[in-house]
Participant: 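Next up is a structure, given as structure tokens.
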Amino acid sequence: MQTFIDAYSWLNLRYLLQGLWVTVEVSVISVILSFIFGTILGVIRYSEIKYVSAIVGFVIDLIRNLPLLLIIFFTYFGLPNLGFKPPVIAAAIIAMTVFESMMIAEIVRSGIMAVDKGQMEGAQSNGIGYWTALRIVVLPQAMKNMVPALVSQFISLIKDTSLGTIIVLPEMMYHAQIIYGQNTNYIIPMFVALAVLYFIVCYALSLVGKYFERRLA
């Protein structure tokens with residue numbers, strides 16, 4: 001018990017919470033960017049634009065089948081060889097956004113395909129253009145079906161930020177490693193703290209997802 005009390009000193013907790021802030025910052029920015037890019041890519045792939053959709057589909061399938069860790073490595077260690085060296089937080093955001101955008105693109109494409117084709121045909125028969133019908137008729141209906149999958153993917157993204165420790169991203173996991181690196185007796189208390197913090201963040205996101213799911217229903 002004394003080990004837990006010592007491990008949870010204000011100094012250690014404050015340092016851990018600083019890591020939590022970085023985790024949340026990287027996650028929120030990556031979620032927003034990946035949702036925007038993923039939606040655009042998903043719509044392009046669904047729309048079967050000549051050549052463009054095929055190229056986008058190939059890129060999506062390629063990146064989806066690569067390990068996220070490899071993309072993080074490439075972003076942080078590979079891009080400098082191409083003349084662009086992002087800071088560690090920017091590198092993590094870029095890697096997360098690229099990987100998650102491809103995952104979300106598939107969710108969006110599947111969500112649109114689940115909408116009855118009669119919705120698009122009915123809109124077009126009333127004189128509404130294809131892209132306008134897709135935006136105001138099909139996508140809102142598809143979004144209702146996509147919410148659970150999107151929330152699940154975003155929760156995975158939050159947990160995947162821990163992979164950033166490999167490039168010394170100062171997020172929760174990295175800060176916990178620093179703390180128990182100074183005293184190995186703090187390993188279990190730090191793992192417990194990490195589990196609680198990850199649960200709080202991910203559960204809060206799942207509640208937000210359920211709220212939007214109810215509203216869309």
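Positions are given from 1, in the same order as the sequence printed here. Note that the structure is a prediction, hence the values are computed from the model and not measured.
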Participant: Taking all non-hydrogen atoms of both residues into account, name the closest pair between M96 and L68 and its distance.
Facilitator: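 Nearest pair, atom of M96 first, then L68: SD-CD2, 3.9 Å.
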Participant: Is there a side-chain contact between L150 and Q153, using heavy atoms and a 4.5 Å cut-off?
Facilitator: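 Not touching, per the 4.5 Å side-chain cut-off.
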Participant: What do you reckon, is CD1 of I188 surrounded by more than 12 foreign heavy atoms closer than 6.0 Å?
Facilitator: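 Incorrect, the count does not exceed 12.
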Participant: For L66 and F99, run side-chain contact (heavy atoms from CB on, under 4.5 Å): C-alpha distance rounded to whole Å, both residues' side-chain angles, the deciding distance at 0.1 Å, then the answer.
Facilitator: CA-CA 9 Å; L66 295 177; F99 184 77; 5.6 Å; no
Participant: For a 4.5 angstrom cut-off between non-hydrogen side-chain atoms, does V43 reach L139?
Facilitator: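 Yes, their side chains come closer than 4.5 Å.
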Participant: Do side-chain atoms of S30 reach the backbone of S27 as a donor and acceptor pair under 3.5 angstrom?
Facilitator: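 Checked: no pair found.
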Participant: Return yes if some donor-acceptor pair links the side-chain N/O of E106 with the main-chain N/O of M102 below 3.5 Å, else return no.
Facilitator: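 It does not hold such a pair.
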Participant: Keeping the roles fixed (side chain from S152, backbone from A149), state whether a donor-acceptor pair exists under 3.5 Å.
Facilitator: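 No, the answer is negative, given that no donor and acceptor are paired below the 3.5 Å cut-off.
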Participant: If every non-hydrogen atom of P86 is compared with every non-hydrogen atom of A90, which pair is closest and at what distance?
Facilitator: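 Heavy atoms of P86 and A90 come nearest at CB-CB, 4.1 Å.
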Participant: Just say parallel, tilted or perpendicular for the rings of F191 and Y180, cut-offs at 30° and 60°.
Facilitator: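 Correct class here is perpendicular.
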Participant: For a side-chain contact (heavy atoms from CB on, under 4.5 Å) with I29, tell me which candidate from I89, I93, T97 qualifies.
Facilitator: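 Testing I29 for a side-chain contact (heavy atoms from CB on, under 4.5 Å) against I89, I93, T97 leaves exactly one candidate, I93.
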Participant: Flag the pair Y198 / L20 as yes when at least one side-chain heavy-atom distance between them is below 4.5 Å, and no otherwise.
Facilitator: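 Heavy-atom side-chain distance check fails, nothing below 4.5 Å.
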Participant: Please test V108 against Y46 for side-chain contact (heavy atoms from CB on, under 4.5 Å), starting from the C-alpha separation and ending with a verdict.
Facilitator: CA-CA 9 Å; V108 170; Y46 167 81; over 6 Å; no
Participant: Closest heavy-atom contact between K85 and P80?
Facilitator: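 In terms of heavy atoms, the two residues are closest at CG-CG, 3.8 Å.
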Participant: Hey, is CZ on F77 packed in by over 12 heavy atoms from elsewhere, all under 6.0 Å?
Facilitator: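 It does: F77 CZ has more than 12 such atoms within range.
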Participant: Would you say Y186 has more than 12 foreign heavy atoms packed within less than 6.0 Å of its OH?
Facilitator: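 More than 12 heavy atoms, drawn from other residues, nucleotides or ligands, come within 6.0 Å of this atom.
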Participant: Tell me, do P170 and V88 make a side-chain contact under 4.5 Å, heavy atoms counted?
Facilitator: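 Side-chain contact under 4.5 Å: yes.
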Participant: Quick one: does V192's side chain get under 4.5 Å of Y8's, heavy atoms only?
Facilitator: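 V192 vs Y8: side chains touch.
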Participant: Using a cut-off of 6.0 Å, state whether more than 12 heavy atoms not belonging to Y174 lie near its atom OH.
Facilitator: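 Result for OH/Y174: open.
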Participant: So, taking the atom named CD in Q182 and the one named CG in N12, what distance separates them when rounded to the nearest 0.5 Å?
Facilitator: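 Spacing of CD (Q182) from CG (N12) equals 7.5 Å.
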Participant: What are the two closest heavy atoms between A133 and I128, and how far apart are they?
Facilitator: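 Smallest interatomic distance, heavy atoms only, reads N-CG2, 3.5 Å.
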Participant: Are W21 and Q18 side-chain neighbours, meaning at least one heavy-atom pair lies under 4.5 Å?
Facilitator: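 They are not in contact (no side-chain heavy atoms under 4.5 Å apart), so the answer is no.
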Participant: Just verifying a value: how many Å separate S53 OG and R109 CZ, rounded to the nearest 0.5 Å?
Facilitator: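 Result: 10.5 Å between the selected atoms.
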Participant: I want to check something: taking the side chain as every heavy atom from C-beta on, are M173 and Q177 in contact at a cut-off of under 4.5 Å?
Facilitator: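 Yes. Closest side-chain heavy atoms under 4.5 Å.
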Participant: side-chain contact (heavy atoms from CB on, under 4.5 Å), that's the test. Do L134 and I112 meet it? Break it down for me.
Facilitator: CA-CA 9 Å; L134 190 62; I112 296 174; 4.2 Å; yes
Participant: Would you say V22 ends up clustered with I32 if hydrophobic residues are merged whenever their side chains have heavy atoms under 4.5 Å apart, either directly or through other cluster members?
Facilitator: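 Same cluster: I32 reaches V22 through Ile, Leu, Val, Met, Phe, Trp or Tyr contacts under 4.5 Å.
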Participant: Please check: side-chain N/O of S47 versus main-chain N/O of I44, any donor-acceptor pairing under 3.5 Å?
Facilitator: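 It does not hold such a pair.
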Participant: Which atoms form the tightest heavy-atom contact between L41 and A105, and what is the distance?
Facilitator: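 Scanning both residues, the minimum pair turns out to be CB-CB, 3.9 Å.
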Participant: Identify the two heavy atoms, one from G209 and one from V151, that lie closest to each other, and give their separation to 0.1 Å.
Facilitator: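 Shortest heavy-atom contact: CA-CG2, 3.5 Å.
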Participant: Distance from L82 atom CG to F74 atom CZ, nearest 0.5 Å?
Facilitator: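 CZ of F74 is found 5.5 Å from CG of L82.
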Participant: Below 4.5 Å, heavy atoms only, C-beta onward: do I63 and M103 meet side chain to side chain?
Facilitator: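 No - every pair of side-chain heavy atoms lies 4.5 Å or more apart.
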Participant: Same hydrophobic cluster for W131 and V56, using side-chain heavy-atom links shorter than 4.5 Å among ILVMFWY?
Facilitator: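 Yes: a chain of side-chain contacts under 4.5 Å links W131 to V56.
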Participant: Just verifying a value: how many Å separate L16 CG and M190 CE, rounded to the nearest 0.5 Å?
Facilitator: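 Atom-to-atom, L16:CG and M190:CE are 6.0 Å apart.
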Participant: Given 3.5 Å as the limit, does a donor-acceptor pair link the side chain of S34 with the main chain of V31, or not?
Facilitator: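 Side chain of S34 to backbone of V31: a pair is present.
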Participant: In Å, rounded to the nearest 0.5 Å, how long is the span from CE of M172 to OG1 of T165?
Facilitator: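 Between M172 CE and T165 OG1, I get 12.0 Å after rounding to 0.5 Å.
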Participant: Could you measure the distance from the CD1 atom of I158 to the CG atom of L205? Nearest 0.5 Å is fine.
Facilitator: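 That separation rounds to 4.5 Å.
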Participant: Between V201 and T23, is a side-chain contact (heavy atoms from CB on, under 4.5 Å) present by the stated rule, with each step listed?
Facilitator: CA-CA 10 Å; V201 174; T23 296; over 6 Å; no
